[in-house]
Amino acid sequence: MTKFDIAVYELIKLIPSGMVTTYQEVALRLGNRAYRAVGTSLSKNPYAPKVPCHRVVKSDGRVGGYGGLKESEKKIEMLRNEGREIEDGRIKDFERRLYKFGN
DNA sequence: CGCTTGACACCGT
DNA sequence: AACGGTGCCAAGC
């Protein structure tokens with residue numbers, strides 16, 4: 001557990017239910033381009049579901065990994081339960097559902 | 001230290 | 001559109 005991890009978790013807790021954001025958005029909000037590092041931190045997320053890491057997806061609208069796996073139906077189902085429609089691993093109307101952190 | 005590994009992103013074929 | 005290579009940054013060993 002590092003400061004970086006904490007920072008990531010704190011940001012992700014701000015994502016409203018039903019919204020999603022990207023690894024890139026999180027990294028940019030932290031002031032760098034550590035999107036890979038963001039994913040690494042989430043893969044170790046000890047606070048699910050307090051930290052809704054399932055709401056963090058790839059910048060192209062694809063769902064991405066969850067639970068330490070590259071692919072996860074679990075993540076998709078959770079997003080569907082929040083109202084997102086997902087087709088073939090990709091969120092429909094992704095751009096419109098994207099939550100951006102103000103700086 | 002230096003090298004490798006990711007729940008990623010971007011660019012050129 | 002699909003692939004592969006390269007860049008990015010924190011962690012682990």
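Naming convention: chains lettered A, B, ... in sequence-line order (proteins, then strands); numbering from 1 in each chain.
A:Arg29 places its CZ atom 18 Å from the C1' atom of C:dC9, with the value rounded to the nearest Å. The interatomic distance linking A:Leu28 (CG) with C:dC9 (P) rounds to 11 Å, in whole Å. Distance CZ (A:Arg33) to P (C:dC8): 7 Å, rounded to an integer number of Å. Summarising the geometry, the separation between CD1 on A:Ile6 and P on C:dA10 is reported as 16 Å, rounded to the nearest angstrom. Straight-line distance from the OH atom of A:Tyr35 to the P atom of B:dC11: 9 Å, rounded to whole Å. Here the C1' atom of nucleotide B:dG6 and the CZ atom of A:Phe4 are 12 Å apart, to the nearest Å. The nearest whole Å value for the distance from the NZ atom in A:Lys3 to the P atom in C:dA11 is 12 Å. At whole-Å resolution of the value, CG in A:Asp60 and C1' in B:dA7 are 13 Å apart.
Between A:Tyr35 and A:Leu28 there is no side-chain heavy-atom pair separated by less than 4.5 Å.
Note on A:Lys44: a side-chain N or O is less than 4.0 Å away from OP1 or OP2 of C:dG12. Phosphate proximity of C:dC8 to A:Gln24: absent, as no side-chain N or O sits under 4.0 Å from OP1 or OP2. Of the side-chain N and O atoms in A:Ser59, one or more sit less than 4.0 angstrom from OP1 or OP2 of B:dC10. Contact between the side-chain N/O atoms of A:Lys58 and the OP1/OP2 oxygens of B:dC8 is found at a separation under 4.0 Å.
Atoms CD and CZ, on A:Glu77 and A:Arg80 in that order, are 5.0 Å from each other to the nearest 0.5 Å.
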Exercise. What do the steps show when you test A:Leu42 against A:Ile12 for side-chain contact (heavy atoms from CB on, under 4.5 Å), and what is the final call?
Worked result: CA-CA 10 Å; A:Leu42 291 186; A:Ile12 292 175; 3.3 Å; yes
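Pairs passing the ring-ring contact (aromatic ring centres under 6.0 Å, His included) check and including a residue from residues 64-103 of chain A, sequence neighbours excluded, read A:Tyr99-A:Phe101.
Distance from the side chain of A:Tyr66 is smallest to B:dA7 among B:dA7, C:dA11, C:dC8. Nearest nucleotide to the side chain of A:Arg36, out of B:dC8, B:dA7, C:dA10: B:dC8. If you check C:dC9, B:dA9, B:dA7 against the side chain of A:Ser43, the one that comes closest is B:dA7.
Contact annotation for A:Tyr23: base contact, defined as any heavy-atom pair under 4.0 Å involving a base atom. Within 4.0 Å (heavy atoms only), A:Ala34 reaches sugar-phosphate atoms of the nucleic acid but no base atom.
Side chain of A:Lys75 to backbone of A:Gly65: a donor-acceptor contact under 3.5 angstrom is found.
Residues A:Thr22 and A:Thr40 both approach DNA chain B. Their nearest nucleotides, taken by heavy-atom distance, put A:Thr40 toward the 5′ side.
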